[in-house]
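To keep things clear, I will list the structure first and then write my remarks on it.
In what follows, chains are A, B, ... by sequence order, proteins preceding strands, each numbered from 1.
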2 protein chains.
Amino acid sequence: MKQKITLKHIARELSVSISTVSKALKNSEEISKDTKDKIQAFAKLYNYKPNNIAISLKNRRTKNIGVIIPDIVHHFFTTVFRGIENYANAKGYNVILCMSDESFDKEVINMELLANGSIDGFIMALSAETQIKNDYNHLKEVAEQGIPLVLFDRITDEIECDKVVINDMEGAYKAVTKFIEDGRKQIALITTEDYYSVSRERAKGYKQALLDHNLPYRENLVLKLPFMDVDELAINEFLDREKIDAVLCVNEIYAIHSMRHVQSKGLSIPKDISFIGFTDGILSKYSTPGLTAVSQHGEKMGAIAAEMLIEKIESEKEEETYTTTVLDTTIVARGSTNN
Amino acid sequence: MKQKITLKHIARELSVSISTVSKALKNSEEISKDTKDKIQAFAKLYNYKPNNIAISLKNRRTKNIGVIIPDIVHHFFTTVFRGIENYANAKGYNVILCMSDESFDKEVINMELLANGSIDGFIMALSAETQIKNDYNHLKEVAEQGIPLVLFDRITDEIECDKVVINDMEGAYKAVTKFIEDGRKQIALITTEDYYSVSRERAKGYKQALLDHNLPYRENLVLKLPFMDVDELAINEFLDREKIDAVLCVNEIYAIHSMRHVQSKGLSIPKDISFIGFTDGILSKYSTPGLTAVSQHGEKMGAIAAEMLIEKIESEKEEETYTTTVLDTTIVARGSTNN
DNA sequence: TATTAACACGAAACCGTTTTCGAAGGGTAA
DNA sequence: TTACCCTTCGAAAACGGTTTCGTGTTAATA
C-alpha cells in the first residue's frame with residue numbers, strides 16, 4: 001500500500017520548502033524554471049494530487065452540493081437528479097445525495113449535518129411531512145447562515161430562495177383541453193390531498209380548463225386520495241360509480257391502475273375512455289396502450305436548479321435577489337388518447 | 001446573515017484558550033465544572049457545531065462514502081442505492097453519488113476525484129464500457145492506496161475486494177425450472193451480449209436448467225442483443241420466427257416489449273406463451289398481465305455492500321481477506337405465468 | 001564603491017479542529 | 001520550610017494545503 005504523497009514529502013525529498021513546492025506546482029512566476037521543472041517532474045512521477053479536504057478547509061469551499069429528495073426510487077426524482085449531477089459534474093462539483101424518506105425529521109437531520117461545512121449549497125424537494133407540518137425552520141436556519149438554497153418541484157412560499165417548478169397548472173390545463181378537443185365531456189381528475197403544492201396547482205388547471213370551455217366543474221368527478229398508499233379500491237369504486245369518458249391522473253401509478261381496471265371491465269382505451277397521466281415516466285412508455293403523459297422535463301429541471309445554485313455559490317456579491325423559474329410542460333401523445 | 005461560530009470565537013469571547021473550549025465541549029475531566037458549564041452554555045446559546053471539514057482533515061476520515069453507478073434512472077440501481085444510503089446514514093456516513101453513464105472515462109475521472117481525500121471508501125457497479133475494455137487500473141490504483149472498495153452486481157474477477165452479487169445463474173435456473181414444471185417445452189432466452197458478468201451467468205443457468213431436465217439447448221432459441229438500444233425489430237422477428245411457448249428475459253424492458261408484441265398478434269399470456277423477467281421492478285408490477293419476475297433484492301444488496309464497506313473502513317487491522325456475498329433470488333409470481 | 005532593483009526562495013500565518021505536554025498555583029505531608 | 005502532588009488550564013504541533021511578506025543573493029546602475 002503506497003501512501004498518498006503530500007507537499008511536505010516532496011519538499012523534504014527535494015530539499016526545498018513547502019511553499020516553493022506549492023508555488024512550483026501552480027506554475028508560479030516566482031519560481032525559477034529549473035526548480036519548477038524538477039518539482040513538477042517529481043510530482044508527476046509520484047502522481048501527486050492535492051488533498052481535497054485541505055483545500056476545502058483553506059478555501060472554505062467544498063465543491064460539494066447537497067441534494068435532499070424524498071425518495072430515490074422514483075422516476076421523476078431520478079431524472080432531476082441526473083440533470084443536477086451532470087451539470088454539477090461539468091462544473092467540477094460533486095453531489096451528496098440524501099433521502100428524507102418523506103420524513104420531516106430525516107430532512108432536518110440531514111440538512112443540519114451537511115450544513116456544518118460539508119457542502120456549499122443545497123438543492124431540495126420538500127418531504128411530504130414537511131409540507132404537512134408547514135415547518136420550515138431548518139430551511140430558514142440554513143438561509144441565515146448564508147448557504148445558498150434552491151427548491152424544486154415541491155416548494156413553499158414561506159422561504160425566499162431560488163426555485164424551479166414546472167407549470168403544473170398549465171400542464172393540467174393543457175391535458176384537459178386536449179380531452180375537450182377530443183370530444184370528451186365527462187372528465188375526471190384523480191389526485192392527492194391538497195398539501196402538495198403540485199397537486200393544488202394541477203387541480204386548479206383542471207378546473208380552469210373546464211370553466212374556460214364552458215363545461216361544469218363537478219366535485220364528484222374529482223377523487224382525492226391520501227398520499228403514501230395507493231388506495232386501489234377507492235379508485236375502482238370511483239371509476240365504477242361515476243360516468244366518465246376521460247381521466248387525468250396526477251401520477252403514473254393512478255393512471256396505470258385505472259387503465260387496468262377499466263380494461264378488466266371490458267372498456268376500450270381510448271375509444272370508451274381515455275387517459276392522461278402526469279410524469280412521463282417509464283410506466284407511461286411501456287403500458288398497453290401507451291399512456292399519454294404530461295412531461296415534466298425532470299432532467300432540464302435538475303440542470304437549471306444546479307445552474308442557479310452554482311451561480312449563487314460562485315457570485316461574490318451578496319445580493320438578495322431570488323428568481324423562480326417555471327418550466328412549461330409538454331404533452332407526449334400515446335395510445336391512451338385519440339391522436 | 002449570522003456567521004458560523006468557531007472554537008476561536010468562543011475562546012476569545014470567554015477569555016479562555018481554544019484548547020480549553022475544545023476540551024470543555026467534550027466534557028473532559030481536565031476542565032473544572034464551572035468553566036465547562038460556562039462554555040457549554042455559551043456554545044449551546046450560539047448553536048455551535050464543529051466544522052466537518054476541519055474534523056475530516058484532522059482525523060483523516062471524512063465519513064463520506066463514494067458510490068459510482070452506471071445510471072441513476074434505473075430501478076434496480078436506485079433500490080441498491082436506497083439500501084446503501086439507509087445503512088450508511090444510520091452509521092453516520094453520507095453518500096456522494098456519481099454516475100458513470102456507462103462510460104469508462106467518466107468512471108475513472110469520478111474515482112480519481114473522490115479518491116483524493118473526499119471519501120473513505122467506494123461502492124460501485126462497473127460501467128458497460130469498463131467491462132468491455134476490461135481495464136481496471138483505476139480500481140487497482142485505489143486499492144493500492146488502501147481505500148476500501150466494494151463491488152456489486154457488475155463485478156470483475158480481476159480485482160480483489162469485497163463483492164456482493166446475486167446468484168444470477170440460480171435465478172435463471174429457477175425461472176427455467178418453473179417454466180418446465182408448468183409444462184413448457186420451447187423455452188427462449190432474450191439476453192445481452194456476453195460482456196456483462198450478469199448476462200453470462202444467467203445464460204449459464206438457462207442452459208443448465210434445460211440440460212438437467214433433459215431438454216435440448218438450442219442456440220436458435222437464444223437471442224443476444226447488443227446493449228444500449230433496445231432493438232425492437234430484432235425481438236419481434238425473433239418471436240415471430242421461432243416456435244416458443246416461454247421466454248426468459250434478462251431485463252424488464254425486453255420482457256415488456258415481447259409481451260406487447262405477442263399480445264398484438266393475438267396470443268394469450270400465459271395460455272399460449274408465458275414470460276419471466278429479471279429485476280422485479282416497477283414495470284413488472286404494473287404491466288398487464290403482471291410480469292412474473294426474478295427479484296434481485298436490490299435494497300438488501302445495498303445494505304450488505306454498505307455494511308461490508310464500513311466494516312473495512314472502521315477496522316484498524318489491515319488484513320487482506322475479501323469476501324463475496326451471493327444473494328439468492330426469489331421468483332415473484334404474477335399473471336405472465338401459470339401459477 | 002555604494003545603492004538599488006530583480007530574482008528566487010523560505011518563514012510563518014491561516015483555515016478549524018484535536019491532543020500532547022508543560023506549567024502555574026494551591027494544598028498537603030514530612 | 002521544603003518537597004511533592006493535584007487541579008486546571010494554555011501553548012504548540014499536527015492534519016495538508018495557500019498566500020503574504022520578508023530576505024539573501026546577484027547584477028545593474030550611479
Point to revise | Euclidean distance, atom NZ of residue B:Lys26 to atom C1' of C:dT18 [Å, nearest integer] | key: 7 Å
Review point. Taking atom P of D:dG17 as reference, at what distance in whole Å does atom CG of A:Asn52 sit?
Key: 10 Å
Exercise for review: Please confirm whether the backbone N or O of B:Ile65 pairs with a side-chain atom of B:Asp120, one donor and one acceptor, at under 3.5 Å?
Suggested key: no
Point to revise | Under 4.0 angstrom between B:Tyr48 side-chain N/O and C:dT17 OP1 or OP2 | key: yes
Check your understanding: Closest nucleotide of DNA chain C for A:Lys33 versus for A:Ser19: which of these residues is on the 5' side?
Key -> A:Lys33
Practice item. Among D:dG10, D:dC9, D:dC15, find the nucleotide with the atom closest to the side chain of B:Val16. Key: D:dG10
Check your understanding: Within a strict 4.5 Å, meaning less than it, do heavy atoms of the B:Leu126 and B:Tyr136 side chains meet?
Key -> yes
Review point. Taking CG from A:Leu7 and P from C:dC14, how many angstroms apart are they, rounded to a whole number?
Key: 20 Å
Point to revise | Residue A:Ser17, side-chain heavy atoms: nucleotide from C:dC15, C:dT17, C:dG10 that is nearest | key: C:dG10
Review point. Taking atom C1' of C:dA13 as reference, at what distance in whole Å does atom CD1 of B:Ile18 sit?
Key: 13 Å
Practice item. Please assess B:Asp34 against B:Lys38 for the test salt bridge (Lys or Arg N to Asp or Glu O under 4.0 Å), listing each intermediate value before the final yes or no. Key: CA-CA 6 Å; B:Asp34 281 3; B:Lys38 188 177 64 177; over 6 Å; no
Review point. B:Leu149 and side chain to side chain contact (heavy atoms under 4.5 Å, CB included): which partner among B:Ile159, B:Leu309, B:Asp162?
Key: B:Ile159
**Study point:** Minimum-distance nucleotide to A:Ile55 side chain [options: C:dC21, D:dG17, D:dC21]
**Key:** D:dG17
Exercise for review: Check whether any side-chain heavy atom of B:Cys98 lies under 4.5 Å from a side-chain heavy atom of B:Leu114, and answer yes or no.
Suggested key: yes
Check your understanding: Counting side-chain heavy atoms from C-beta on, which of C:dC9, D:dG10, D:dC9 comes nearest to A:Ile31?
Key -> C:dC9
Check your understanding: Would you say the side chain of B:Lys23 and the base of C:dT20 hold a donor-acceptor pair, judged only by whether the two atoms sit under 3.5 Å apart?
Key -> yes
Revision key, fill the gap. Whole-Å distance, A:Asp34 CG to C:dA8 P, equals 9 Å
Check your understanding: Looking for any heavy atom pair under 4.0 Å, which part of the strands does A:Thr35 touch: base, sugar-phosphate only, or nothing?
Key -> sugar-phosphate
Point to revise | Integer-rounded Å distance: D:dT23 C1' and A:Glu30 CD | key: 13 Å
Exercise for review: Measure from the side chain of B:Arg60, starting at C-beta and using heavy atoms only, and say which of C:dT17, D:dC15, C:dC9 lies closest.
Suggested key: D:dC15
Point to revise | Distance-only donor-acceptor test, B:Lys58 side-chain atoms vs C:dT18 base atoms, 3.5 Å | key: yes
Review point. C:dT18, D:dG17, D:dT18: which one has an atom nearest the side-chain heavy atoms of A:Ser22?
Key: D:dT18
Review point. Checking all strands, does B:Ser32 fall into the base, sugar-phosphate, or nothing category for heavy-atom contacts under 4.0 angstrom?
Key: sugar-phosphate
**Study point:** Rounded distance in Å - NZ (A:Lys8) to C1' (C:dG10)
**Key:** 16 Å
Exercise for review: Could you tell me the separation between the CG atom of B:Leu57 and the C1' atom of C:dT19, rounded to a whole number of Å?
Suggested key: 14 Å
